[in-house]
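First comes the structure, then the notes that go with it.
Below, chain A is the first sequence line, B the second, and so on; all start at residue 1.
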Number of protein chains: 2
Amino acid sequence: MIQADIFRALADPTRRAVFERLASGEMSVSALKARFAVSQPAISQHLAMLKAAGLVAERREGRFSYYRVAPEGLAPLVDWVDRYRAFWPERIDRLKDVLKGLEP
Amino acid sequence: MIQADIFRALADPTRRAVFERLASGEMSVSALKARFAVSQPAISQHLAMLKAAGLVAERREGRFSYYRVAPEGLAPLVDWVDRYRAFWPERIDRLKDVLKGLEP
DNA sequence: AGAATACATAAGCGGGTACTTATGCGATTC
DNA sequence: GAATCGCATAAGTACCCGCTTATGTATTCT
């Protein structure tokens, strides 16, 4: 919910990968677990942290828990990034082009 | 230099604050130290990590070391954020308006 | 009702992290 | 040249983090 929580939640590679995986669509915990080389509790813990940061939302259905990305949760991060993009737009965008292999 | 390093470098509140402080202009280590309630080695360690992540650059002048933001270092983060902004532009931007107290 | 499933929580462990004080090293000042 | 300054690095410490196994709690199946 706070900016600091968002940065910390996305700092861990596995947790960030979980978030990115959910970006492709809603998924149950067990379905997520099948995609990663960690235990089910580890997945649940990552999801709890992402949820606390406002980055994902949960939907219960019987004994299943379906998680999905909460796009609004990224707004504080988008906002933070935009502050610096506004400062140095040309330099950042130019490097982005380079990273994408584009020639000016 | 790698995306993971950037997220981790910005995850710590103090280190992120150091980066944000440098965004207002180049500054020596001692000048930075005066702004934070931590020791000089702590500042140097944060700067070393930000530098390793490509987020700041250093300029030596005599016994002074001046640090400044390296805007291109933010490109991978900007790129990551843009991927999700492209997914859900309206939802993110709408919340950003709400956060800024704007009415549609 | 009992077994099995889906998930969360508890407890514990090893490694990492952010800080401190102590020390080293080059540059400046006296 | 000796002392001082600006900064980096070393070493140590307390805490945090991500992971594991073990256990608990609903829900579903037979």
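Across the protein-nucleic acid pair, B:Asp5 atom CG and C:dT17 atom P stand 10 Å apart, rounded to whole Å. One atom, CZ of A:Arg59, and another, P of C:dA8, lie 14 Å apart when rounded to the nearest Å. In this structure, the CD atom of B:Glu58 is 16 Å from the P atom of D:dG6, given to the nearest Å. Counting to the nearest Å, the P atom of D:dA8 and the NE2 atom of B:His46 are 13 Å from each other. Atom CZ of A:Phe64 and atom P of C:dT5 are 11 Å apart (whole Å). Rounded to an integer number of Å, the gap from CD1 of A:Ile43 to C1' of D:dC19 is 11 Å.
Contact check for B:Asp12 versus B:Met49: no side-chain heavy atoms found under the 4.5 Å cut-off. Within the 4.5 Å cutoff, the side chain of A:Leu74 has no heavy atoms near those of the B:Val81 side chain. At a threshold of 4.5 Å between non-hydrogen side-chain atoms, the residues A:Leu32 and A:Leu47 count as touching.
Between the CD atom of A:Gln45 and the OG atom of A:Ser39 there is a distance of 7.0 Å, given to the nearest 0.5 Å. To the nearest 0.5 angstrom, A:Arg8 atom CZ is 7.5 Å from A:Arg15 atom CZ. Rounded to the nearest 0.5 angstrom, A:Asp5 CG and A:Leu50 CG are separated by 11.0 Å. In this structure, CD on B:Glu26 lies 10.5 Å from CD on B:Glu58, to the nearest 0.5 angstrom. The CZ atom of A:Arg68 lies 13.5 Å from the CG atom of A:Leu55; values are rounded to the nearest 0.5 Å.
Under a hydrophobic-cluster definition in which Ile, Leu, Val, Met, Phe, Trp and Tyr are linked whenever side-chain heavy atoms come within less than 4.5 Å, directly or via other members, A:Phe7 and B:Phe36 are assigned to the same cluster. Residues B:Tyr66 and B:Phe19 fall into different hydrophobic clusters, defined by Ile, Leu, Val, Met, Phe, Trp and Tyr side chains chained together at heavy-atom separations under 4.5 Å.
For the segment residues 8-17 of chain A, the set of residues with a heavy atom within less than 4.0 Å of an atom of DNA chain D comprises A:Arg8, A:Asp12, A:Thr14, A:Arg15, in numerical order. Taking every heavy atom of residues 23-40 of chain B and every atom of DNA chain D, pairs under 4.0 Å involve B:Ser28, B:Val29, B:Ser30, B:Gln40, by number.
Taking 3.5 Å as the limit, the base of C:dT20 and the side chain of B:Gln45 contain a donor-acceptor pair of atoms between them.
A tilted orientation is assigned to the rings of B:Tyr84 and B:Trp80, their planes being inclined by 30° to 60°.
Summary of the strand contacts: B:Tyr66 and A:Met49 both lie near DNA chain D, and taking for each the nucleotide with the nearest heavy atom, the more 5' one is attributed to B:Tyr66.
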**Complete:** In B/S/- notation (B base, S sugar-phosphate only, - none; protein heavy atoms under 4.0 Å), nucleotides 24-30 of chain C written 5' to 3' is ---SSS-

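Between D:dG6 and B:Tyr67, no contact under 4.0 Å exists linking OP1 or OP2 to a side-chain N or O.
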